[in-house]
Structure formats: structure tokens, C-alpha cells
Number of protein chains: 4
Amino acid sequence: MPKQKVSIDFILRQSLRLFREKSYHNTSIADIAEACGLLKGSLYHYFPSKEALMNEVVKYAHAYFKKNVFSIAHNQELTAQEKMEQIFKKSEKSLLSHGDLMANVGVETANKNKEFTENIQTFFEEWIETVKIVFSEIANEEDAQQLAEQTVLEFEGAVMMTRIFKDPKFVHNAYERLINRFAAFSLNPNK
Amino acid sequence: MPKQKVSIDFILRQSLRLFREKSYHNTSIADIAEACGLLKGSLYHYFPSKEALMNEVVKYAHAYFKKNVFSIAHNQELTAQEKMEQIFKKSEKSLLSHGDLMANVGVETANKNKEFTENIQTFFEEWIETVKIVFSEIANEEDAQQLAEQTVLEFEGAVMMTRIFKDPKFVHNAYERLINRFAAFSLNPNK
Amino acid sequence: MPKQKVSIDFILRQSLRLFREKSYHNTSIADIAEACGLLKGSLYHYFPSKEALMNEVVKYAHAYFKKNVFSIAHNQELTAQEKMEQIFKKSEKSLLSHGDLMANVGVETANKNKEFTENIQTFFEEWIETVKIVFSEIANEEDAQQLAEQTVLEFEGAVMMTRIFKDPKFVHNAYERLINRFAAFSLNPNK
Amino acid sequence: MPKQKVSIDFILRQSLRLFREKSYHNTSIADIAEACGLLKGSLYHYFPSKEALMNEVVKYAHAYFKKNVFSIAHNQELTAQEKMEQIFKKSEKSLLSHGDLMANVGVETANKNKEFTENIQTFFEEWIETVKIVFSEIANEEDAQQLAEQTVLEFEGAVMMTRIFKDPKFVHNAYERLINRFAAFSLNPNK
DNA sequence: GATGAATGAGCTTTCATTCAT
DNA sequence: AATGAATGAAAGCTCATTCAT
């Protein structure tokens, strides 16, 4: 049966979902193929190895965040508060469903695959940088850095906890806290 | 030839180290056996399966934290500030070397093994509860809960980031921030 | 879009080169297709299977030797010595670059494909017969047979050794030896 | 079922037989395991990979020739003629049954595995050196080298032909020729 | 004729687990 | 208790082949 059954985009989305849900090692090529309606051998038309596929998935997720989340920091039409709200609302929506690919894979492959690690590091650097840009509107350089780091780490911790407890309250609570803190800080900035 | 070559405690410590360093899936029974000076088959005299071993390791790490970290909250001889400092100093010391077993395994096995998940949930509940007890000395019930949650999540996020970046600065920074925040809050409590 | 991109002759020459260079099993249909500027599937318009292609390649190489090497024995304008020189000069030139298809495939597929084996047997029979014809000019029937066999086997052994050592000296030396022996025998024939 | 079913030596002998009979690529790990009465996974107790196994097989065959064939050249109790006879009688006996591992693998893996190639080169160097030692008893250095090279190449060519034709006559004939040549040369040496 | 997505059988390899010694 | 040979299921991957376009 020739006729294209799937697109690369579709494979990446299915892979992303499975890697998030089950982690890298618990997801087999056969699992992904099945989710795509293919046999495992067929996946190798699109990706030369499981690692290469994973790498593309990481890039895909990164690109998604770049376009849909990180870009918000540069939206001139929004107030700083609105930026924060949208950034983490989007993140929450994206991460809540299946967990955070970057964190999972980052931890699972930290000592294994250099390219994974570098891509994931870049992702988090950009995320912190994004939040720092918004904080810079209400805080000085140094404070903005620490506040951004704090905010992203807390949010990441919350995503992890939501995963472990299968309870979205951790991310919800974290969202409320960080938005309130931002509002409070805005009223009494140290800029 | 009978004669016990190793103690269960020794196996658990070796396993804990390896699971932290390499994650659950990247650590084989042979790896653990080798680290213990045993051969694969011999491990099965101590634990009926890799999962059962992992479960004991989780309990072991939990017990360690209970005794060495969580207990600090009940030490009557310490001020609240001292408690916070010691709790996270101890945690930092314990987690920095190899990463956080609970988070790794929690994420890696979230949808796989119910018993792991429950034990890990209990661990984090107790950790948050521990920190809440300290915050209760300077904040009301509801604030203490949120502040404890925030603090533990940020610290967990920092441990993860330190792992991914192989850079202890994330945990160091998080420690400094949370201690300073606690001090600042102490001066101006809303209790 | 019809329009033939390549000729059967071209495919056979590319296949011959690859099978010689990399052996039958180390050459994939995709390799051959790529060398021809085609894609895998397209090769099946020309040949029903890899084995059938190989068979045609064997025939192609056989035909080449028939026309360019074996024919020399019947060239009335040459002396016996000149015939020997030309036969093995041509063989050397043809085999040195990539090794001897017949020997490779003959050995690799000896118990696998009857048709290959038969074609390759015929090839070597004709080669030995060719050399025998030349030896018959200076030796009796029985000696000519043995001398021809000896000469071809030594030359084949030399080709193999040149392949294994990646050093053309073995074929060069063999050529010198067999030409000198022929000259010496000519001076003192036992016909 | 623990209890050792096979020895490493047994695996090597079975592997040697199969690689000779069917070539490297036509022999699967499952084939070898089956020949040993094992399942394929079990072979990995003894050898870390198919390539490593092959390498041991090459060494095994080399050691066999060293001990049983090459050593003959140094047997002080034999005449040169007797040495030649025994060397090639032994070789014939060893190679006739299944073909020549070194030649098969050498050709199949010539551009693939450096260690194979080097080991096989050493084997042939030693073989030629062995024959050269015997020729040195009746010829000068330079002649001995060429005569040894010629003799081994012819014999190797004969082994290959015997394989392709499934007819031992090529090796038989080569043996007769080379023994007779040696005898003739002994009577009229140019030393 | 050419394409290339898809197949499916088969490969090498890994690894938790068992059990006779 | 310790061994380590053996298992067997499952993994990642390759590749000759098919076929709708």
C-alpha cells in the first residue's frame, strides 16, 4: 500500500504525545508506528533512528514554544502582566495534558546523548530568558534574572508534581502564585 | 559457598546511587550487581525483581529524608530560619551529587507502577508538609501551605535544572532565594 | 512521467562495480539505485529481483571477458607469448580496480543460488580453456591443461590477495611470474 | 536450565564450520546458536557481538594453522620435500571440507572491518613465510619469496575453485603440481 | 517509467529472570 | 548464598520487495 498514510508532522505529534505520556524508554518504535497506523519498519523512512526521531521531537516542541509561548514576550500590544498571564496560560495548557517532554527526556538522557541535552538546555535557557524579558519591565537586570529563574523552576516543579500526583492543582496553584507575585511586584517594583 | 558477601543496606545504597546517576531504565540489574561485587543472579536472593528493588530504594531514600531532613522541622532547639536553612542545606547536599531519585523515577514510571507512584507521592507530601510546619511559625495556615508548595517546587525544579545543565548553580541560587525570602517574610509576616 | 532515465547497460555496469567493491551482501538495492540516479523501486522495472540482477551482472562480466579477453587466444596475428601477455594484461586491468566479481560472488553464494554457481563455473571453465589453447601451442594436451589450470588459479589467488591486502603487488608479481614462466617454457618446450 | 551446555571451543568450531560453509553474511547468530543447541540470546554470554565472535573464529583458525601447519616448516626431522608435502596435505585436509574461512571472510569484509582484515593479512603473511622457509632450503632468498607466493596463491585459487565447482580435483591437482615442481626444483636448484 | 511510502520478514542485540550447581 | 549459563521476550534496525500514484 503506497499512498502516503502519514505526514512527518503527524509522526512528530504522535511521538511527542507518547514520549510525554510514557517517557522515552517506555515508548518503543513499534508503539509510535502503531499510533501512526504504520508498522515499525516504516518509521525508518522518516527517521534514521529512534534517537534522531527524539531529537526532531525535541526540536518540534521547542519550535512550538518559540512560536506560541516565547514570542509573547515581544508582543508590544500587551502589558507586562498580560504577557506573564499568557505565557504561563499557554504553557500550562501545553504541558498539562501529557507532562513536560523536555524535563522527562532531559532527565532520562542527561548522561547519554549530548545533542538531546544541548537542545534541551537551549530550550530552558530561552524560556528563562523569555520570562526575564518580562520581568525586566518592572525590575532591574539582576532581580529580573533571579525572578525569572525562580518562576520557571517553580513552574517546572509544578508540572512534575502534577505528573506524579496526576493532579493539575500543582500547576494551577503555581500559576496563581506567580501571577499574583508579579502583580504585587508591579505595584511595588524596585526598578 | 554460603556466606553473605554484601548487606541489603549496601545494595540499596549502590542501587540508589546508580538509579540517580543513570535513571531507572539506564541502570541494569547487571550494573547494580557489579557495583555490589556480585553477579546478576545473586541479586535475586535479596530482591524478587528489579521493580521490587526499586521500591525498596524509594523507601530507603524516603526513610533517609525522614530521619535526616524532615525531622529538622520538629527540632525545638532551632529557630524557624535555622530550620529552613538546615532542611534545604541537607537536601541540597543529598540531591546535588546525583540528582533526585524521586523526581526521576516518579516521572519515568508515572503510568507504569502504582506502588512507586504512591510512595513517591507520600514522599513529596511529607516534604511539603515539613516545610509548611516551618512556615506556620511565621504565616497563617493558608499562606504556609502555598509558601511550602512554592518552595519545594522551586527547589525540585532547580534540582532538575542542575541535572540537565550539569551545573549546581541552579540549586545554589534556589537555596539563596528561598532562604532570603524566608528571612524577609519573617521580618514582615502576615500572621 | 515515463522517459527512461538509464539504460540496462548502465545499471549493469554500476552494479558490477558495486558488487566487486563491496561484495553481494554489502551492496543493497538502494546503493545500486542511488549509483544509477534512481530510487529503489525503479530498479524493479528492469530486474525482477536482486538475484536476477546479480545473474545479469555475472552474464555481463562473462560477456565482457569473452569479447575482450578470451577472444585473444584466437587472434591469429599474435604469437603465443603475445597472447599470454595480452590475456593477463587485460585481466589485470579489469580485475585490479575492484576485485573479481566471479570469485566474490562464487564464494558468497556457493551453496545458495544454483544459477549463479553454474554461470560462474562456466566462466572459469572458459578462462582455463582459453589459457589452455595458448599453452597448447607450446605444450602437449595434458601439460597444457595443467599449466592453464595452474596459471589461472595463481592469478585468481593473486587477485584475492590484492583485495585482502589492498596492494596490487600480488597481481603484478603473479603477472610477471606467469609471463616469464611461459617464455622459459617456450624456449624449452616438451611438446 | 543452567548447567553448561557448550564450551567456547565448541562454539568456535561450530561457528567456523558455518562461516566456511555459508559465509559470514549467510550465517546468522540464530544459526550458530542452533548448531550449539542454544538460543540466540545465549551466545551473548560468550561473545559481545557477531563481529567479535567472527574475530575469535579467525584467531582460532589462525592458531590451528600455526600449530598444525606452519609449525611443520620448523620440524628438523623432515626433509624439505617432506615439509612441503605435509604442509599442503594438512592444508588440503583442513580446507577441503568446508572452504577457506580466511578467503571468504577476507573478501566479504575487506572494506568493512579493519581488525578482521589485519588478522587475515597476518594469516596469509605467515603462510607465505612458512612456505618461503622451506623453499629457502633449495633456492636463494629472492626466488624463495616468489616461489612461496606463487605456491600459496595457486593453492588458494584451487581452494576457491574447489568451492565453486564443489569438486576437490582442483585442490588435488594443485597439490600434485606444487609437490612435483618442488621435487623438480630440488634436483636442479639455483641456490 | 519513475516514484517512494509501506510492508514484513529477518537480523543483531539487550536484559530481567530462572535454576541446577 | 552465590554462581553464571541459559532463557525468551522484546527491542532497534535493515532491506528486498510491492504497488498506488
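If you're wondering where the values come from, they're calculated on a predicted model, not measured in any experiment. Just so it is clear: chains get the letters A, B, ... in the order the sequence lines come, proteins before strands, and each one is counted from 1.
Per the geometry, CD belonging to D:Glu34 stands 15 Å off C1' belonging to E:dC11, to the nearest Å. Distance C:Asn26 CG to E:dC11 P: 16 Å, rounded to the nearest Å. Taking atom CZ on D:Phe10 and atom P on F:dA6, their separation rounds to 11 Å, with Å as the unit. With rounding to whole Å, D:Lys5 atom NZ is found 13 Å from E:dA20 atom P. Whole-Å rounding puts the A:Asp31 CG to F:dA10 P distance at 12 Å. Rounded to whole Å, the distance from CG on D:Leu39 to P on E:dT12 is 15 Å. Here E:dA5 presents its C1' atom at 7 Å from CD of A:Gln4, a figure rounded to the nearest Å. A straight line from OH of B:Tyr24 to P of E:dC15 spans 13 Å, rounded to a whole angstrom.
OP1 and OP2 of F:dA1 both lie 4.0 Å or more from every side-chain N or O belonging to B:Ser42. Contact annotation: D:Lys40 side-chain N/O to F:dT7 OP1/OP2 distance is not under 4.0 Å.
Residues forming a salt bridge (Lys or Arg N to Asp or Glu O under 4.0 Å) with B:Lys166 (at least two apart in sequence, or on another chain): none. In terms of the salt bridge (Lys or Arg N to Asp or Glu O under 4.0 Å) criterion, B:Glu51 has no residue partners (sequence neighbours excluded). Scanning for salt bridge (Lys or Arg N to Asp or Glu O under 4.0 Å) contacts around B:Lys22 gives B:Asp31, with sequence neighbours left out. Scanning for salt bridge (Lys or Arg N to Asp or Glu O under 4.0 Å) contacts around B:Glu115 gives an empty result, with sequence neighbours left out. With sequence neighbours excluded, no residue satisfies ring pair (Phe, Tyr, Trp, His ring centres under 6.0 Å) with C:Tyr60.
The residue among C:His25 and D:Gly37 whose nearest nucleotide of DNA chain F is located toward the 5' end is D:Gly37.
Sorted by first and then second residue, the ring-ring contact (aromatic ring centres under 6.0 Å, His included) pairs involving residues 4-30 of chain A (not counting sequence neighbours) are A:Phe19-A:Tyr24, A:Tyr24-A:Phe116, A:His25-B:His25.
Using a 4.0 Å cutoff on non-hydrogen atoms, the parts of residues 43-57 of chain A near DNA chain E are A:His45, A:Tyr46, ordered by number.
Nearest approach of C:Arg20 to C:Leu95, heavy atoms of both residues: NH2-CD2, 4.1 Å. Looking at every heavy atom in both residues, C:Glu56 comes nearest to C:Leu12 through CB-CD2, 3.7 Å.
Listed by first residue number, the stems of DNA chain F with at least three Watson-Crick or G-U pairs below 3.5 Å are E:2-21 with F:2-21.
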Side-chain donor-acceptor distances from residues 33-46 of chain D under 3.5 Å, at least two apart:
| unit_1 | atom_1 | unit_2 | atom_2 | d |
| --- | --- | --- | --- | --- |
| D:Ser42 | OG | D:Leu39 | O | 3.3 |

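In the set E:dT12, E:dT17, F:dA5, the nucleotide with an atom closest to the side chain of D:Ser28 is E:dT12.
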